[in-house]
Structure formats: C-alpha cells, structure tokens
Amino acid sequence: MPTVRVIVTLKPGVLDAPGQAIHKGLAALGHAGVRAVRAGRYFEIELDGTERLDDRVRDMCEGFLANTLIEQYRYDIV
Amino acid sequence: MPTVRVIVTLKPGVLDAPGQAIHKGLAALGHAGVRAVRAGRYFEIELDGTERLDDRVRDMCEGFLANTLIEQYRYDIV
Amino acid sequence: MNIGIVVFPGSNCDADTYHAVRDVLGHHGQYVWHEERSLAGLDAVILPGGFSYGDYLRAGAIATTSPAVRALKPYVAGGGLVLGICNGFQTLLEAGLLPGAMQPNLSGQFRCEFVHLRTERADTPFTCGLKPGDVLRIPIAHAEGRYLIGPAGRPALAAYRQVVFRYCSAHGDVTPAVNPNGSEDAIAGVASPSGAVLGLMPHPERASDELVGGTDGARIFSSLATWIATGRRVSMRPVEVH
Amino acid sequence: MAARPRTEAAVPASAVRAPGAGLRPSERDEIRRRLGRDPTAAELGMFDVMWSEHCAYKHSRAVLERLPARGPGLLRGPGENAGAVSVGAGWAAVFKMESHNHPSAVAPYHGAATGVGGIIRDILAMGARPIALLDSLRFGPPDDPGVARTIQGVVAGIAGYGNSIGVPTVGGELACAPCYRRNPLVNVACLGLVREDRIATARAAGPGNAVVYLGARTGRDGMHGAAFASAGLAGEAADRSAVQMGDPFAGKLLIEATLQALATGAVVALQDLGAAGLTCALSEMAARGGVGMDVDLGIVPRREDGMTPEEVLLSESQERMLLVVRAGREAEIRRIAGRWGLAAAVIGAITDDRLLVIRDGDDVVTRLDPRHLTDAPSYAPDAVEPAYLAALRGFDPAGLAPAVAEDALVALLRSPGVASKRWVYRQYDHMIQTNTVVPPGADAAVLRIREAAPRGVALTVDGNGRSCYLDPYVGGVLAVLEAAQNLACVGASPAAVTDCLNFASPERPDVFWTFRRAVDGIAHACEALDVPVVGGNVSFYNEAGEGIYPTPVVAMLGRLDDVRRHAGVGWTREGDLIALVGCERGWLDGSEYLAAVHGITAGRLREPDVSAVVRAIRCVREAVAAGVVSSAHDCSEGGIAVALAECSLAGGLGARVVLDAADERRPDEILFGEQVGRIVVSLRPGALGALGDLARRFAVPLKVIGSVGGGRLVVGAGVAPSRAGATAPGSAGPWLDVDLATLAAASDMEERPA
Ligand SMILES: Nc1ncnc2c1ncn2[C@@H]1O[C@H](COP(=O)(O)OP(=O)(O)O)[C@@H](O)[C@H]1O
Ligand SMILES: [Mg+2]
C-alpha cells in the first residue's frame, strides 16, 4: 500500500505572506541568522493499488490539492 | 547556506479535521482507492552558518513551528 | 422571480442572504441544497458566504466537488446568473468560473469591518442600478480575501472589463491604505466577461437594512431584481475593449 | 442532584493517573459505602472525574447558593445546561459563560477554540440557536514575546471557531497584569434564542425511549491514551490531556442537525458531551430525570481503533451530543444526521429501574444508581482573610507626585486594558446573522431580536481582578454594577447574569476567603438590581506562576423594548452639552492610573453606595430609551478623563470640559479617579430640562460640565459652566489640551506588537 507525500508551495514570485510572518516570529524569539522562510502545505495520502500511481497523484494535485495558478507541488511515493 | 525542510503533522490519535475533509473531497472528485489523508504544514528555512544546526532547528520547531503537545515534526537539512 | 441560495455544509451566511433577498427586498428566495444536480428554473443563483466544508484545503476548494457547483457551468452556459459572496466568490475562483485565486489576507488575520467599494462597471446584472464611480459602504468578513490574478491573467481581466469593484476610500480613492487584505490592484469583485457571473468579497446582505449595516448592499440585490424583472439578457459574446 | 455551574480544574482528570487517583481516602470510603461493594477500576475512573472539582464544584457549591436565582422574566435558573429569561413576544434568551483557562495556557489556539465550541453546545442543549458570543480575556504583559504569542493564539482561536460556526462575537474584555503571565484566563459567554414553549431539557424520560449519540466520532481526546503512550513528564502528560482539538466545521453541522432534530418533536431530552464526556452526560441525564439507562459502549461511533471502554466513557472529544429520542422515531434523527454528514447511533434505551447500566458488548462495565455519581460530596473549606490586604489598604496615594496630566492620559490610553480593542474585535465576525445593531466598541453590544421586533437585547461582560485583589467584596459589587451601567449606556435594563469565577486553589484558606467575599459582593449587587444569576462556572486552581488575582467575571444580558432607541459612546453633534450623571467623585486607590502610570497596585477601595448607583443606572437607561441624550458612556478605568477621551474618539469630535476643583482635590484624582456610578452623557441643549426632570425623579446628581465641538479635548478646572456651554478653563490653564490624533494614536494598538 503506497503512501504519497505531497508538498505544495507558492510559485516563486507570489508573495508568501505566511512565510514572512513566520520569519518575523522566529526573529522576535531571538532566532538570528534566518535568511528566509517559505511556508507550504503537506499531505500524506495512503492509496490502494499501485497502478498508474503518477497519473493519479498528478490528477489529485492539479485538480485539487494545489491551485496551479499560484502554487506548485512535488511529491514522492514511499 | 543550509536550507532546512520541516514537516509538522498532528500526532497519531489527534483529530485531523482537515485531513478528513480533504479525503472526502478527493472521494467526491472520483478518486477511489484513497485510504487515508493526513494534512500537515511545511516550512523551508534558509539559515546562515552551519554551527549547531540541529539544536537551532529543534529550538525553532519546539518553541515555535510546532505545538509538541499535539504535533510532531521532522526535518532534513539540504 | 426565483433566486436560489445554495447551502453547503458550513455555509453560514445563507440565512442572512435569504433574509436580505426575501424579507428586505421582497423577492422570492429559496434554499438549494448542495447535492442538487440541476439549477434549471432559477432566475439567479447565489453562493453565500461561510466556511463550506470547513474551508480546510483552500477556501472554497472543497465546495467545487459538490453537485450544485458542478451544475453551475451548464447553468451559466444557458444564460443563468450567478453571484458569489465571500466564500461563494472563493468557490467560483476555485471552480474556474472566474479568473484568479485567493490568498490569506496580508495581515494574516481575519478581518471584519466596513470597507468602501468603488463601482467600476455598471452594466452587469448585479450593478445595473449603480453608476460607474458610485461608492458603496459594505462590510467584509474574511481571512482569505487577497485576490491575485498575476501577469498572465491581467490583460484579459482588463480587456474584458472584469473588475467590477475595487476597495477605495469614502471618497472613492483607491489607495494602498484602504486595501484591507492586499488584493492585487485593490480588486474586491470580479465578473465573467459577459457579466453573468459576479464574485465579490464584501457582504451586501449585511448592508441591506437601515437598522443593521445600512442599505448600500441592497443596491446590488435590487439591481439584480430589476435586471430579471425587465427581462434583460447578458450578451454571451462580450466585447473586448482596448 | 441537578447539574450546576461546572468547575474547570487546572489539571483535568485524566487517565494519566491510576483510576481514582484524584479521590480522597474519605471519598473512596464513601463510594464503597454507596455501592455496598468495592468499585471496579472503570467505576473508580468515573467517580474520579464526576467527583472532581471539574464536574462537582465540591468546594464552591455551598457558596454559590448565595447568588440570587430569582427575578422578573426568569424561565430557567441554574440546574439545566444554561439559564433562560424571557425577552418578550414568547421568546427566551438562553445565557451561559464558561472558562477554558488551562487548555488555553498550553495550546492557546485550540484551547480557546474549544472553549467557544463548548459553551455553544450548552446553549444548544437548551434547544436554542446560538446568536452571540462574548469573550473575557486576561493575559500577562503583552511586551513579553511569549505572552504576545498566547494573546495572538487565543484571539485567533476564538475567531477561528466563532467565525466559522457563524455566531457573531459581539463583545468582550481584555486586560493584562503580571499575575496572568503563566495563567491566562479565557472565559466565553454565549447567548441563544428559543421559543419559550420550546426550551429543551436535559431530564431523560420515558422508559423504552432511545439514547442516541449524535455528532463527531469519539477519539482519545482529553485523555492519556495509547496514542500518547510516549508521554514523558507527568506534567506534560497532564497538559496534553487538556488539549482537545475542535472542529468548527463539525460544530456548525452539529448546530444545524441538533436544531432540526429538535424541530421534529421526537427529542425528549438532550445534553452536550463536555467535561467527562459520556460518563457525565449519561449519569446527569438519568439522575435528573429519575430514570435508568442501559447503554452499550460498543455502539459508540469511534475515530480510532482499540479504544477501551474506559476511554470511550471518559473521552472529551468535541462536537457531540446525547439525545433521548421517542421510541420508534430514531430513524428521523439518523436521517438528519446523515444529511449533515454526522455520526448517529442508538446506543441504548431508557429504563424504569433508576439504574445506569453501561455495557461493552456482553460485558457489564458498571451498574449503579447514577445519583451516586452526580451527588458528589461537598466541602466547606476554611476561609481566612489574606494577610496581604492590610498592607495594601494602608497605602495612601496622597504621598504620590502627580504625573503630567497629558502624559498620564496618553499612558492610560496606551495601557492594554484601556486601549481600543478594535485590533481584537476586527478579527471576530461580529456582524454575521445580521442582528448586531451596536457592534463592539460601545459600552455594550445591542442585538435586535427579529422574532420579537422591535425588541432587542444588550450584552456586556465585566470583571476587574485588580479591584477584587484589593477588596474581593467591593470588586464583586463593582463587576455587577459596571455591567449594569454599561447596559444602561446603550439603553438596556438588566435581565440576567451569568458569571465565571476564576480563582486559585480553594483549598487555600486565603483564596477561599476571597472567593466567598467576591460571591457575596456579586449577590448583593444582583439583589439590588433585582437581576437573577441564571448560571455560571467556577474555575479554581488558577495558580501557574504566582497565582492570579481573584477574578470573577460577570456577563449581563439586558432588554430593550425598542431596539431603535439606543445610544453609543461617541459625541454626535457640535454644540451638544456634556453632563455628568451620578456621583461626582472618584478615588485613586486601586485605580488604573496608579497601576499604569505609577506602577502601583494598592489602596483602600470605597464601597459604593449601591442604591445610589442603581438609581443613576436607571436614570441613564430612561434617558437613552426616551431619546433625551445623544450619547452615554460610563467612567470606568482611567476615570472621567479617559471617558471623555473615548467619547471624543468614538465621535470624532472634540470637547471643552470644566471640572469642579473644589475641596482642594488633586487634579490627577479629579481627572483619573475611579468610582462606579458616574456616566457622561451628551445632549441637545434643549433636552436639558427633560434630563433634569429624570435626574430629580431618580434623585440622582446631574451636572453640566461642558460642550461638544472642535478637534481637541480641553479639560480644565473652574466653576460650572453656564447652560450655553463650558466656560473657559481656569486661569492656570487647562489640565488637558490634546488633539484627537494624539489620543487616537495612543489608543490604537494596531501598529504595536499585540
Ligand atoms: N476580547 C474582546 N473581544 C471582543 N470585544 C472586546 C474585547 N475586549 C473589549 N472588547 C470591546 O471593546 C469595547 C471596550 O471594552 P471595555 O473597555 O472593556 O468596555 P467597558 O469599560 O465599557 O466595559 C467594548 O465594546 C467591548 O465589547
Ligand atoms: Mg463602559
């Protein structure tokens, strides 16, 4: 039973306001030396069957898990 | 300049309402054969310096990025 | 007149919208359950505000999987009118019925407060009672209202005059200081090229009663009512302007 | 015995400990005596939670009896899940407040969010649709980054849950003091609306009727389960057990499904599954109704595999209700649950033998009289006046160098408790349901009741820990009178009180003394106002760190006969007169001025003349409801100077005011001194006669002190101005002469770190 791990982040060029807020928060807590923070979403999906895995996952990502106008995704299958 | 990739997920047993809702959404879209979905958060952190990296990252995670009462985290350094 | 208000699990402005349409404006409204597969017979469909399906993926994303939202495309193709308010707007974006995407407010916080809107286009079914430049005072209540269209989509948006409302000052000036969420170009409301589909973040149903919130929002509902009552039709071939 | 205000323990009972670890030896003996046998491990676990302070209020019960539970329009007093009063035209308001302090300390977002969810379901259990929320918050000083994160998390959590379920948060309060640094307070009140003849009950009835579970599935929330087997320190494990995850989406579905279920007429009784989960709901509903129940835990819908019967019994998973449904009509409830995507299951039936029988499949987990669980022992702890009080009372502000008035005003406006709370309430949806006539920012929120038009209700929540620390009795009186005064300012008269009593350990005699005195003060003031206390909540063991101020918080509901006749804080018109209604003097002892400007918390609080304050409150309410005054605002923290500044800020208009400098009182005392019963109103000059008549009728002092106009707030000493407006301030120059922009910048917390 394969598990797919998907990471969705904003495309470069789209202002990542949550990432910036986290960056500020880390700085306020005294974490010096943080250059940049990017925030994203993570999904762990357990699938039945091993056929056409890549197709199925790409479908889920493009049609649902990511908004491809502003987001990009990557995944690995374990 | 190292980049740390952090994944924060709920501990097993903690209610994952987003994961459940996304699971239902995938099913409604016709993605049969999805057994379970877990939702989490993802951070990509660019750091200055390479000293005490693990300590620093653990500090950030435990003190800020994750609430370790209900969440667990893992990271890798690239 | 028959205006359908779609109820998703997690909708929470459905009753307010129903109330504004029926009790305040005196028009017939009816709830449409999200499992409805056909919208035939409705003069207009409103997707109300709220947190459909908990908004757990992106606001409005999961709602696009419902039969009622899937029925919107054929409904619009057949000349139907659709108004998406707040979560309804987010849903229309996610469903691809309107261009663009929503991101969390730049403040990172939910914002509930009155804003001013400048009317940019008065030839849609929802704004036909307004004049370009009219300023409306209507509240917002959202956490994800930062509208983005991006360089790829921007030319078409301009060419088809799809921006219907912008955030502005009480005097109608569009400045960064009065942009409540960081929306690109201060965009608060967007229509399809024909004007048959409108999405807007502010809540006109909360400004449809003198005692509560004023009546500027009622002008959007009464525009719609006038449009339907006078039997006007949107042009399915919108003119591109340069 | 019937359910009462439920106490929140600092460390909730949890299976981290051996079952029964929270029980005293005498309590174990009592259990053995009642059962006539040794309890099983599962039973010990049940007694442990049911006899915890959490559920049994064993230290507070006797004291709470002093609160008056009678008053005009009372429909349900304490004993059900929430109290109810009539709002007219056959409609009832259901009202209740609860704390979620400890969960919010360890997980600010989720702790606060589930606090909202919990109180909502108490209202729902009365058959009412929730229509408004209020939050009362206490934190450490916000310049501490840890505190700032807690504040942000709590506010975001309340917003996250309340906004999503579509119930407006229309008001609240927020104050900061070092004693709350490690022990923040998060109290949430909810108001619901139901037809008087449809008020639901939690009394199970009708042998043969079905016991139905409705809502989200059960997991190991709020307990130490196998999932948390890696628990480290006992403290961490206990904290972990306090974190419950809420799902506002399920919460919203549960509201709709429950109300639809009630509308079928098939529901005989219902209760939310809150603290102590099924154990509490099953035993309380059975005990209240004087019936038995026979249920099978094996049928309870679960989220996780492998849960033990004890875990199912004690789980505090959110968004669940327990219903008693007429035999034969279970399918209707199932259909409604299915429509809303919620779980529903018939888990048992009502029996006529007064025994609670809980099975797990074929195994009997317990068979006992449910009253054994619900009738916990009660204690009368020792009460001794705290030693610190004498020293604090000895403080005399006379020796203090007065601050520059303008600087002090700015400092006060900047203090988190006084500063504008817009940065908080703009994060809350306060307009949804489109009934909010007066939004947050005024002394009280006003809602229309569409179903009973033109009637309306007003809501406020008030408490002052510093006052209660200095004198818990006076502090208790003040909380109630200030609430009533806030209602009067918007034109409402008091209808009901619910309270949340936040204290440290009741087992400490000095703490218990403050608890008793505060309750006495609340009781006295409520009696003077003739307003019933319809319910509430006690939160003991708030002593992480130094131990909090005794902090009773009072939420008050008011009625308006005609919701259109209300007033706001701000000046409305150039040229209006400004008048002070009620007692004229305030004192610096225990004031915000001492705390914020001089860093001192000390002094002797003056006991207010309660009947005089009640008259002033009634006078102002009449004046607002009759349209005699254009605005009204009471002097609370920061005294008359801050009140005037707030009226100016809210109205966007300046004012010229002359205050009587008789008796050689200190200017800072005149400007910033505090006492309840002083209300600033503005009115058309032509209305002064009518206001004078009202003041005479209620035998309340009335003094014109200035007029509205310009862009500055100018306050000076001198003789009273003529009818035409304020005379120029005295020869020494005004005490205060500030432009509105300066005041606004000081009061606006937006640009400062939370
Ligand atoms: N935590 C909060 N949540 C929502 N509204 C709040 C909160 N704190 C304060 N407010 C609102 O800000 C206004 C001022 O509050 P406060 O200074 O406590 O008023 P008062 O002194 O009249 O009791 C009120 O309208 C109140 O409801
Ligand atoms: Mg007040």
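Please read all numbers here as calculations on a predicted model, not as lab measurements. For the numbers below, each heavy atom of this structure counts, side chains included, while hydrogens, waters and symmetry mates do not. Chain letters run A, B, ... following the sequence lines, proteins first, then strands; residues in each count from 1.
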Next on the checklist: Please classify the contact of Ile7(A) with chain B as side chain, backbone, both or neither, using a heavy-atom distance under 4.5 Å.
Outcome noted: side chain
Which donor-acceptor pairs lie under 3.5 Å between chain A and chain B?
residue  : atom : partner  : partner atom : Å
Gly33(A) : O    : Asp48(B) : N            : 2.8
Arg35(A) : N    : Glu46(B) : O            : 2.7
Arg35(A) : NE   : Asp48(B) : OD1          : 2.5
Arg35(A) : NH2  : Asp48(B) : OD1          : 3.1
Ala36(A) : O    : Glu46(B) : N            : 2.9
Arg38(A) : N    : Glu44(B) : O            : 2.8
Arg38(A) : O    : Glu44(B) : N            : 2.8
Gly40(A) : N    : Tyr42(B) : O            : 2.8
Gly40(A) : O    : Tyr42(B) : N            : 3.0
Tyr42(A) : N    : Gly40(B) : O            : 3.0
Tyr42(A) : O    : Gly40(B) : N            : 2.7
Tyr42(A) : OH   : Arg74(B) : NH2          : 2.6
Glu44(A) : N    : Arg38(B) : O            : 2.8
Glu44(A) : O    : Arg38(B) : N            : 2.8
Glu46(A) : N    : Ala36(B) : O            : 2.9
Glu46(A) : O    : Arg35(B) : N            : 2.7
Asp48(A) : N    : Gly33(B) : O            : 2.8
Asp48(A) : OD1  : Arg35(B) : NE           : 2.5
Asp48(A) : OD1  : Arg35(B) : NH2          : 3.2
Arg74(A) : NH2  : Tyr42(B) : OH           : 2.6

Checklist entry - In terms of heavy-atom proximity below 4.5 Å to chain A, should Leu47(B) be classed as side chain, backbone, both, or neither? => result both
Next on the checklist: I'd like to know which of Gly25(A), Ala32(A), Pro18(A) tops the heavy-atom pair count under 4.5 Å against chain B.
Outcome noted: Gly25(A)
Checklist entry - Relative to chain B, which segment of Leu26(A) carries a heavy atom at a distance below 4.5 Å: side chain, backbone, both, or neither? => result both
Next on the checklist: If I measure from the heavy atoms of chain A, does Ile22(B) come under 4.5 Å with its side chain, its backbone, both, or neither?
Outcome noted: both
Next on the checklist: Test side chain to side chain contact (heavy atoms under 4.5 Å, CB included) on Met60(B) and Val34(A); report intermediate values, then the result.
Outcome noted: CA-CA 10 Å; Met60(B) 290 181 197; Val34(A) 178; 3.6 Å; yes
